[in-house]
Amino acid sequence: MIYKEHPNVGAIVHIHAWIDDVEATEVNYPCGTLQLAEAVAHLVRNADDPSRAIVGLKNHGLTITGRDLDDIFERIDGRVKTQVPML
């Protein structure tokens, strides 16, 4: 969904880690479900810059978009926490 809606997105990374102060899905949807994909796509769509978004998946991890992998890794360097908050 993300690549289709946002042609400026050249890479997507999903990690089981966290970054403080990111907007996250309101529900802990089961992995691989359409509901989770739609909720993440909605958060990316509403980000200031969808091609460079960092969104949380409640109790799970992060999905990060970027122009390429280097863009993503540079933006998250030093910010990632290995413990995902369980809310």
Side-chain angles (χ1 to χ4, degrees):
M1 287 180 179
I2 294 170
Y3 285 124
K4 186 175 181 178
E5 285 186 35
H6 308 285
N8 291 334
V9 173
I12 300 172
V13 170
H14 171 72
I15 58 174
H16 296 141
W18 202 254
I19 294 176
D20 287 334
D21 301 320
V22 298
E23 191 169 356
T25 59
E26 293 182 19
V27 175
N28 181 16
Y29 295 104
C31 296
T33 61
L34 181 59
Q35 292 87 354
L36 178 59
E38 289 173 341
V40 171
H42 173 77
L43 291 174
V44 170
R45 189 178 306 119
N46 290 324
D48 290 338
D49 181 355
S51 70
R52 301 184 84 219
I54 302 174
V55 299
L57 288 65
K58 184 176 181 173
N59 299 339
H60 184 87
L62 299 168
T63 294
I64 307 150
T65 64
R67 294 182 181 101
D68 55 39
L69 289 174
D70 287 337
D71 175 47
I72 292 172
F73 294 135
E74 287 171 9
R75 289 182 8 251
I76 67 172
D77 186 40
R79 300 175 60 198
V80 175
K81 296 182 175 193
T82 58
Q83 184 67 37
V84 175
M86 303 304 276
L87 307 170

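Just so it is clear, the structure is predicted and the values come from calculations on it, not from any experiment.
Distance alone, capped at 3.5 Å, is enough to place a donor-acceptor pair between the T65 side chain and the A53 backbone. N59 places no side-chain N or O within donor-acceptor distance of the main-chain N or O of V84, the cut-off being under 3.5 Å. Counting only distance, with no hydrogens or angles, the side chain of Y29 and the backbone of E38 share no donor-acceptor pair below 3.5 Å. Looking only at distances, no side-chain donor or acceptor of S51 sits under 3.5 Å from a matching main-chain atom of R67.
Annotation: the span from E5 atom CD to H42 atom NE2 amounts to 11.0 Å, rounded to 0.5 Å. Of the inter-residue distances, the one linking I54 atom CD1 with L43 atom CG reads 12.5 Å to the nearest 0.5 angstrom. In this structure, CZ on R52 lies 4.0 Å from CG on D71, to the nearest 0.5 angstrom. To the nearest 0.5 Å, atom NE2 of residue H6 and atom CD1 of residue I12 are 9.0 Å apart. To the nearest 0.5 Å, atoms CD (E74) and CG (D68) are separated by 8.0 Å. Distance OG1/T25 to CG/L36: 6.5 Å, rounded to 0.5 Å.
Smallest separation of non-hydrogen atoms from A24 and W18: CB-CH2, 3.9 Å.
Atom CG of D21 has 12 or fewer heavy atoms from other residues, nucleotides or ligands within 6.0 Å.
Annotation: ring pair (Phe, Tyr, Trp, His ring centres under 6.0 Å) contacts of H14 (sequence neighbours excluded): H16, H60.
Side-chain heavy atoms closer than 4.5 Å link hydrophobic residues (I, L, V, M, F, W, Y) into clusters, and following such links, even through other members, never connects Y3 to I72. Hydrophobic cluster membership differs between V80 and V55, with clusters built from Ile, Leu, Val, Met, Phe, Trp and Tyr side chains linked at under 4.5 angstrom. A continuous path of ILVMFWY side-chain contacts below 4.5 Å connects V27 to L57, so both sit in one hydrophobic cluster. Residues I19 and F73 share a hydrophobic cluster, clusters being chains of Ile/Leu/Val/Met/Phe/Trp/Tyr side chains in contact below 4.5 Å.
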query = Passes side-chain contact (heavy atoms from CB on, under 4.5 Å), V44 versus M1? Steps please.
reply = CA-CA 10 Å; V44 170; M1 287 180 179; over 6 Å; no
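Here the side chains of V40 and I2 are in contact, with some heavy-atom distance below 4.5 Å.
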